[in-house]
Every structure is written in C-alpha cells, then in structure tokens.
Amino acid sequence: MLGVKLTIHIIEKVQKVLLQSDVQSKSDRSPVTVADYGSQALVSFVLQRELPSEPFSLVAEEDSGDLRKDEAQETLERITKLVNDTLASDESYATSTLSTEDVLRAIDSGKSDGGSHGRHWVLDPIDGTKGFLRGDQYAIALALLDEGKVVLGALACPNLPLASIGGVNQHPSQGEVGCLFFANIGAGTYMQLLNSSSAIKVQVTAIENPEEASFFESYEAAHSIHDLSSSITKKLGVKAPPVRIDSQAKYGALSRGDGAIYLRFPHKGYREKIWDHAAGCIVVTEAGGVVTDAAGNPLDFSKGRYLDLDTGIIVTNQKLMPSLLKAVRDSLEEKASSL
Ligand SMILES: Nc1ncnc2c1ncn2[C@@H]1O[C@H](COP(=O)(O)O)[C@@H](O)[C@H]1OP(=O)(O)O
Ligand SMILES: [Mg+2]
Ligand SMILES: [Mg+2]
Ligand SMILES: [Mg+2]
C-alpha cells in the first residue's frame, strides 16, 4: 500500500502547481506549459525523497532541453518558484528549497528508458495539455512498472465531475469536481474526490447491449480518427453520439461505468508513449475492463518509452469486447480496401 498512498500524496501536491501559465511549443508542435514542467519536477523530486533506498528510474514525458536555452531563463525561474512555493505549503517538505539547477536535474531524471527488468515509475505530468489550456479535462498520470508489468496506477482528474459524464442529460457545472482514481494490481480500482480521503471501489459498466452503450473518444480530431470510430460504433449498433473529452480522464470515467467504450485511432505515423496509457490501463483493468490494441492484443509496457502496437487502442468491458473487436476488424478492412 505504501506505493498507492505515496502516489496520491504526490498528485495532490502537484495539483497545486497547476496555475494558468505561458505556453511553449515542442519540436513535435505539441504545447508544453510551466505547469507540465513544474509537475514533472515536483513528482520526480518527491519520489526520490520518499524512496531513498531503492534505485530510482522514471520514464516521463518532458525534458529540460528547451529550458536550458538562454531565452528560457525567466520561464525556468518561474517554474522554480512554483515548485518551491508548493513544497513550502506542505509540512513534510517545508524546509526543501530547489535551485534552478535542481529543477532541471529533477525534470531530467525522467529520461529512463523503462523496459522489462526492474521497477520504473512512469509519469505524464499533464496529460491532455490542450484540454488543460481550454479549461477542459486533463489528468496527472503516474504508474509503476515492475518487470515490464503495470502494478500500480494513479490518475488525478482535477476537472472531472463526481457525477457521471457518460449520459445525455449532463449538467457539468453542477456538483463536486476533481476525482482521483487509483489501482493496485489484484486489488481493484478506487475513486475519491481530490479533496477527500474516503475512497469507493469502482467497476466498469455491466452493459451487454451495444444499443445502450455510450462511447468516449479524443476531443481533438488530430489525436484520433473520428470517422473510423463512427464507422465502428455504427457497425456495433451504438445509438449514442460520441462523448469527446481530453486525456486519460476517459479511462477514469470508463472505470466507474460512465461510458462503455473508448476508441483511439491516431493518425498514421503517430507512436503511442507508455505514459499516455499505463495508469489508465490498470485503472480500467482493475475495474473489470479490457484494454487492447486494434488486433486484440494486450498493451505491452515492457518495450521502452513507446508502445509497440497495432493501429489503435480499444477499451470496453469483457462482455462487449468480442463484438467490438469484430466491428474494429471489419471497419479497418473496409478502410484499407477503400484506399
Ligand atoms: N498528434 C497526436 N496524436 C495523438 N495523440 C497526441 C498527439 N499529440 C499529442 N498527443 C497526446 O495524446 C494525448 C491526449 O489525447 P486525447 O486528449 O486526445 O486523449 C496526450 O497524451 C497528448 O499528449 P500530452 O500529454 O502532451 O497532452
Ligand atoms: Mg505533451
Ligand atoms: Mg499525455
Ligand atoms: Mg503530457
């Protein structure tokens, strides 16, 4: 249990870093903010502080390359202040102060390649940066790999309502907001409000009839081919329109039964990273769901920083998976023969 408690502890702390902030563009033209860097520095620092006796390995999204350039000095100072203010607000870390060099080093300790041996932490400091910038959904995703398998996952979704987001009659502005999902291998998935400490066990939906199912996909059409998921769900007989939200909040929502299906088909040439799915994958599977690639194979997190997979990622419950896989196969064949 130490791992799970530790993970929650860190994520609650990181949430405080997430203020509105300037945005830079990375070499792949995706956005990165001082909050992404601050979050990664903080999680990395706290993990190393809490686990001094074991070799530390972190596979994380960001690196300090751009922050080391002369013109980034001011940004780096802002990130350092953000990190130090957060540490100062917590009893256990109030005496820690990081220099700009410490922050760069903490960010860069996320350069591990992971792999099939030993233990590796896997972090997406902000997943769904575009959603974060829009004020929509985003997540902080932390997982632990042990001998290539995900054994622990925590997904903090600060903008996710406690009430279901899968239905048609939604009032997203009402009620409590900010959910944390965590899963430990063999022990199920739990959810709690970010500002509370009492967790409830969650389960994926038991729906067997696709006509009653609703499905999630990316908000951003550049992240997933919407036409393809529409063809798949039509074949399956899904009646509801897609629920489009950002980030691994989709996995969290699915794990508590908000929707029944999550489809993700990135455009040609995009390579999926392990930090975009490790926490979400265990959160859904421990809640009774199934996560596979488009060919029906389980995701393999042991191959390094990237997932080596066939075409796309599909998620649903055990009952719906066989017919979903068939609809995926048929739609992909149709697409291939129309090219
Ligand atoms: N061109 C792209 N295609 C697919 N996914 C992308 C692309 N660019 C960034 N991503 C990543 O996809 C995930 C979000 O997808 P979605 O919100 O659509 O589910 C994020 O991990 C995002 O990274 P990031 O962590 O930088 O936000
Ligand atoms: Mg990013
Ligand atoms: Mg991500
Ligand atoms: Mg990210």
Side-chain angles (χ1 to χ4, degrees), residues 10-11 14-15 17-44 58-67 72 75 79 82 106-112 114 120-143 145 150 153-160 181 216-224 244-254 262 264-267 270-284 291 299 301 304-307 309 312-313 315:
I10 289 160
I11 282 172
V14 169
Q15 206 211 343
V17 174
L18 303 178
L19 306 171
Q20 198 53 22
S21 50
D22 289 357
V23 189
Q24 279 90 44
S25 234
K26 295 203 281 190
S27 56
D28 65 358
R29 289 187 293 167
S30 66
V32 61
T33 72
V34 297
D36 296 68
Y37 289 124
S39 169
Q40 181 158 327
L42 204 52
V43 174
S44 167
L58 175 67
V59 183
E61 178 180 359
E62 312 302 345
D63 67 69
S64 76
D66 288 344
L67 293 176
T75 305
I79 296 164
L82 222 45
I107 291 170
D108 278 341
S109 58
K111 278 190 172 161
S112 166
H120 308 276
W121 292 93
V122 179
L123 172 70
D124 194 333
I126 295 185
D127 181 47
T129 306
K130 288 182 181 166
F132 171 70
L133 290 167
R134 259 188 268 108
D136 289 339
Q137 295 304 324
Y138 67 96
I140 299 144
L142 182 64
L145 286 186
V150 186
L155 211 51
C157 307
N159 282 344
L160 189 70
F181 300 86
F216 295 127
E217 65 180 344
S218 288
Y219 179 93
E220 298 282 342
H223 292 180
S224 188
R244 292 187 173 141
I245 61 169
D246 301 279
S247 86
Q248 288 176 69
K250 292 187 276 297
Y251 285 104
L254 216 75
Y262 168 22
R264 180 179 184 83
F265 289 94
H267 293 268
Y270 182 77
R271 291 180 75 194
E272 294 282 9
K273 329 291 189 305
I274 60 170
W275 54 78
D276 284 324
H277 301 283
C281 185
I282 190 168
V283 160
V284 163
V291 182
L299 306 189
F301 292 93
R305 292 172 70 87
Y306 292 94
L307 280 172
L309 53 75
I313 294 179
V315 186

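Counting convention: from 1, in listed order, for ligands and their atoms alike.
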Report summary line: Angle subtended at the Mg ion (ligand 3) by D127 OD1 and D124 OD2, to the nearest 10 degrees, is 90°
Query raised in the report: Is any side-chain heavy atom of Y138 closer than 4.5 Å to a side-chain heavy atom of N159?
Result: yes
Query raised in the report: Are the side chain of Q137 and the backbone of L160 linked by a donor-acceptor contact shorter than 3.5 Å?
Result: yes
Query raised in the report: Any N/O/S atom of E62 sitting less than 2.8 Å from the Mg ion (ligand 4), backbone or side chain?
Result: no
Query - Identified salt bridge (charged side-chain N to carboxylate O under 4.0 Å, His left out) counterpart of E61 within the set K111, K273, K26 - result: K26
Query raised in the report: Do you know which N/O/S atom name in E61 is closest to the Mg ion (ligand 4)?
Result: OE1
Query raised in the report: Got a sec: is W275 within less than 2.8 Å of the Mg ion (ligand 4) via an N/O/S atom?
Result: no
Report task. Without swapping roles, check the side chain of Q40 against the backbone of E62 for a donor-acceptor pair under 3.5 Å. Result -> yes
Query - Donor on one side chain, acceptor on other, H223 and Y270, under 3.5 Å - result: no
Query raised in the report: Would one find an N, O or S atom of D276, in either backbone or side chain, under 2.8 Å from the Mg ion (ligand 4)?
Result: no
